[in-house]
Amino acid sequence: MDFDLSEEHVAVQEASRDFAQNDLLPGVITRDNEQKFDPALIKKMGELGFLGMMVKPEYGGGGMDTLSYVIAMEEISKVDASASVIMSVNNSLVCWGLQIYGNEDQKQKYLVPLATGSVIGAFCLSEPEAGSDATSQHTTAIDAGDHYLLNGTKNWITNGNSSSICLVIAHTHPEKGHKGINAFIVEKGTEGFVVGKKEDKMGIRASDTHTLMFTDVKVSRENRIGDDGFGFKFAMSTLNGGRIGIAAQALGIASGAFELSLKYAQERKTFGKPISEHQAIQFKLSEMATRIEAARLLVYKAARLKDQGKDYIKAAAMAKLYASDVAMWVTTEAVQIHGGYGYVKEYHVERHMRDAKITQIYEGTSEIQKLVIARELLK
Ligand code: CAA
């Protein structure tokens with residue numbers, strides 16, 4: 001077992017750290033306040049290769065491994081978790097899903113622009129009545145010969161407005177349960193496809209999260225991903241990898257808050273000495289660092305298993321479960337260490353605390369991760 005990163009991985013870490021510090025940090029508080037992500041930054045993320053990291057070069061991607069991806073996710077999440085969720089959905093849910101399960105025509109037409117970042121994608125599984133219970137899809141896609149007619153509503157869709165290409169999960173044969181579900185590639189601008197309400201969120205506020213509505217939207221048969229009835233398996237397999245990305249995001253949020261706390265604790269003085277010299281603060285810093293290190297090992301392990309072609313379902317769920325709890329705990333302690341300063345926006349840690357919460361919810365709540373882990377243990 002080698003705990004050192006390779007030269008390539010160190011280069012990815014440095015490039016993503018530079019981008020985060022130079023390009024993301026300056027406007028991060030304003031973007032959070034205004035709930036807007038700058039399209040120029042998405043363009044730059046694409047140019048730097050952050051939007052299609054694991055996509056093969058012949059489809060316009062970086063051809064990198066999952067470990068590179070999680071390293072970049074951590075660095076970017078240290079500064080801006082809104083940027084990293086845009087990146088994560090595009091990389092692990094949309095590009096990865098298309099690369100593994102799309103056919104050649106779908107890859108040429110959709111994966112190439114997505115991987116180069118000339119457009120971004122969205123993954124549309126959740127519905128008003130289908131969050132954790134993902135089988136309970138109410139959106140329908142009725143077979144109408146050369147096309148399907150899509151009707152329904154999707155909720156909490158990351159990149160809901162800014163995306164051009166959406167992967168939409170829908171029931172084609174509701175009587176067949178999860179075996180009657182399919183996944184479709186749906187382009188924005190198709191008649192009957194409407195972007196609805198933008199959510200006013202607690203965290204990751206600069207990323208756009210919307211309701212999407214479909215009324216008799218014609219989706220060509222060629223845009224179905226995989227064989228008839230493959231949609232639920234598609235969603236589940238894609239989410240297995242997505243969970244590694246969100247675990248890396250949680251790790252980054254925790255690391256970012258920790259680094260700020262370590263620095264602050266050495267600058268801020270109380271009772272005549274830096275607060276880092278008080279045991280109460282030292283104990284907090286020690287525990288934060290230890291939990292972060294443990295989370296990093298779980299995240300890297302899940303990424304490694306995926307890269308080695310081994311089963312990573314349990315490892316991904318464990319990484320997300322643990323790293324998201326670490327993110328919530330560490331960021332709360334970071335605010336505590338900063339005291340009154342921690343409660344105001346200028347010091348960043350309150351944003352990290354707000355951003356951390358979603359990592360325990362999206363791409364499968366912590367409760368769903370426990371269910372996934374238990375099912376794997378009891379197999
Ligand atoms: N990997 C691969 N296949 C899986 C799987 C997994 N993790 N979990 C289930 N499956 C397969 C099963 O093997 C089964 O297939 P077979 O019939 O061929 O055996 C099929 O899927 C149905 O499985 P279950 O009977 O276990 O289904 P279920 O209804 O009991 O529960 C669940 C499944 C694990 C609870 C699932 O519904 C789930 O993961 N829910 C959470 C959904 C989720 O993560 N949503 C996130 C939304 S996306 C998002 O947040 C994106 C964003 O914008 C950031």
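In each ligand, atom 1 is the first atom listed, and ligand 1 is the first ligand listed.
Summarising the geometry, atom CG belonging to Asn161 is positioned 8.0 Å from atom NZ belonging to Lys198; distances are rounded to the nearest 0.5 Å. Gln99 CD to Met54 CE: the interatomic distance, rounded to the nearest 0.5 Å, is 8.5 Å. Rounded to the nearest 0.5 Å, atoms OG1 (Thr153) and CD (Glu127) are 7.5 Å apart.
Within the 4.0 angstrom cut-off, atom 19 (O) of ligand 1 has no protein heavy-atom neighbours. Using a 4.0 Å threshold on non-hydrogen atoms, atom 30 (O) of ligand 1 counts as touching the protein.
Distances below 4.0 Å separate heavy atoms of Ile313 from the following atoms of ligand 1: 1 (N), 7 (N). Each of the atoms 50 (O), 54 (C) of ligand 1 lies under 4.0 Å from some heavy atom of Tyr362. The contact set between ligand 1 and Thr158, taken as ligand atoms under 4.0 Å from a residue heavy atom, comprises 52 (C), 53 (O), 54 (C). For ligand 1, the atoms lying closer than 4.0 Å to a non-hydrogen atom of Leu93 are 51 (C). In summary, the atoms of ligand 1 found under 4.0 Å from a heavy atom of Thr135, numbered by their order in the structure, are 29 (O). Residue Lys179 approaches ligand 1 through these ligand atoms, each under 4.0 Å from one of its heavy atoms: 17 (O). Interface atoms of ligand 1 facing Leu239, defined by a heavy-atom separation under 4.0 Å, are 43 (C), 44 (O), 48 (S).
Using a 3.5 Å distance cut-off with no hydrogens or angles, the side chains of Thr172 and Tyr148 do not pair a donor with an acceptor. Side-chain contact of Lys78 with Gln21: a donor-acceptor pair under 3.5 Å is absent, judged by distance alone. Side-chain contact annotation: Lys218 with Thr190, donor-acceptor N/O pair under 3.5 Å absent. If you check the side chains of Thr140 and Asn151, you find no donor sitting under 3.5 Å from an acceptor.
Here the protein heavy atom with the shortest distance to atom 7 (N) of ligand 1 is Asn240 OD1, 2.9 Å. Of all protein heavy atoms, the one closest to atom 41 (C) of ligand 1 is Ser132 O, 3.4 Å. Of the protein's non-hydrogen atoms, Phe232 CE2, 4.0 Å is the one closest to atom 23 (O) of ligand 1. Considering only non-hydrogen protein atoms, atom 9 (C) of ligand 1 sits nearest to Met236 CG, 3.9 Å. Among all non-hydrogen protein atoms, the one lying nearest atom 47 (C) of ligand 1 is Ser126 OG, 3.4 Å.
Atom 39 (O) of ligand 1 has its nearest heavy-atom neighbour, among Lys154, Arg243, Glu363, Gln369, in Arg243. Closest heavy-atom approach to atom 28 (P) of ligand 1 within the set His178, Lys233, Glu127, Arg375: this belongs to Arg375.
By the 30° and 60° cut-offs, the orientation of the rings of Phe271 relative to His278 is perpendicular. Between Phe234 and Tyr101, the ring planes are perpendicular. Angles over 60° get that label, and only those under 30° would be called parallel.
For ligand 1, the polar-atom distance check against Gly364 finds a nitrogen or oxygen pair separated by under 3.5 Å.
Contact between Gly131 and ligand 1 is present, with at least one heavy atom of the residue lying under 4.0 Å from the ligand. Residue contact check for ligand 1: Thr365 places no non-hydrogen atom closer than 4.0 Å to it.
Across every non-hydrogen atom of Leu251 and Ala295, the tightest pair is CD1-CB, 4.2 Å.
The backbone N or O of Asp146 lies less than 3.5 Å from no partner atom in the side chain of Glu222, so there is not a single donor-acceptor pair.
For NZ of Lys188, the number of neighbouring non-hydrogen atoms (other residues, nucleotides, ligands) closer than 6.0 Å is greater than 12.
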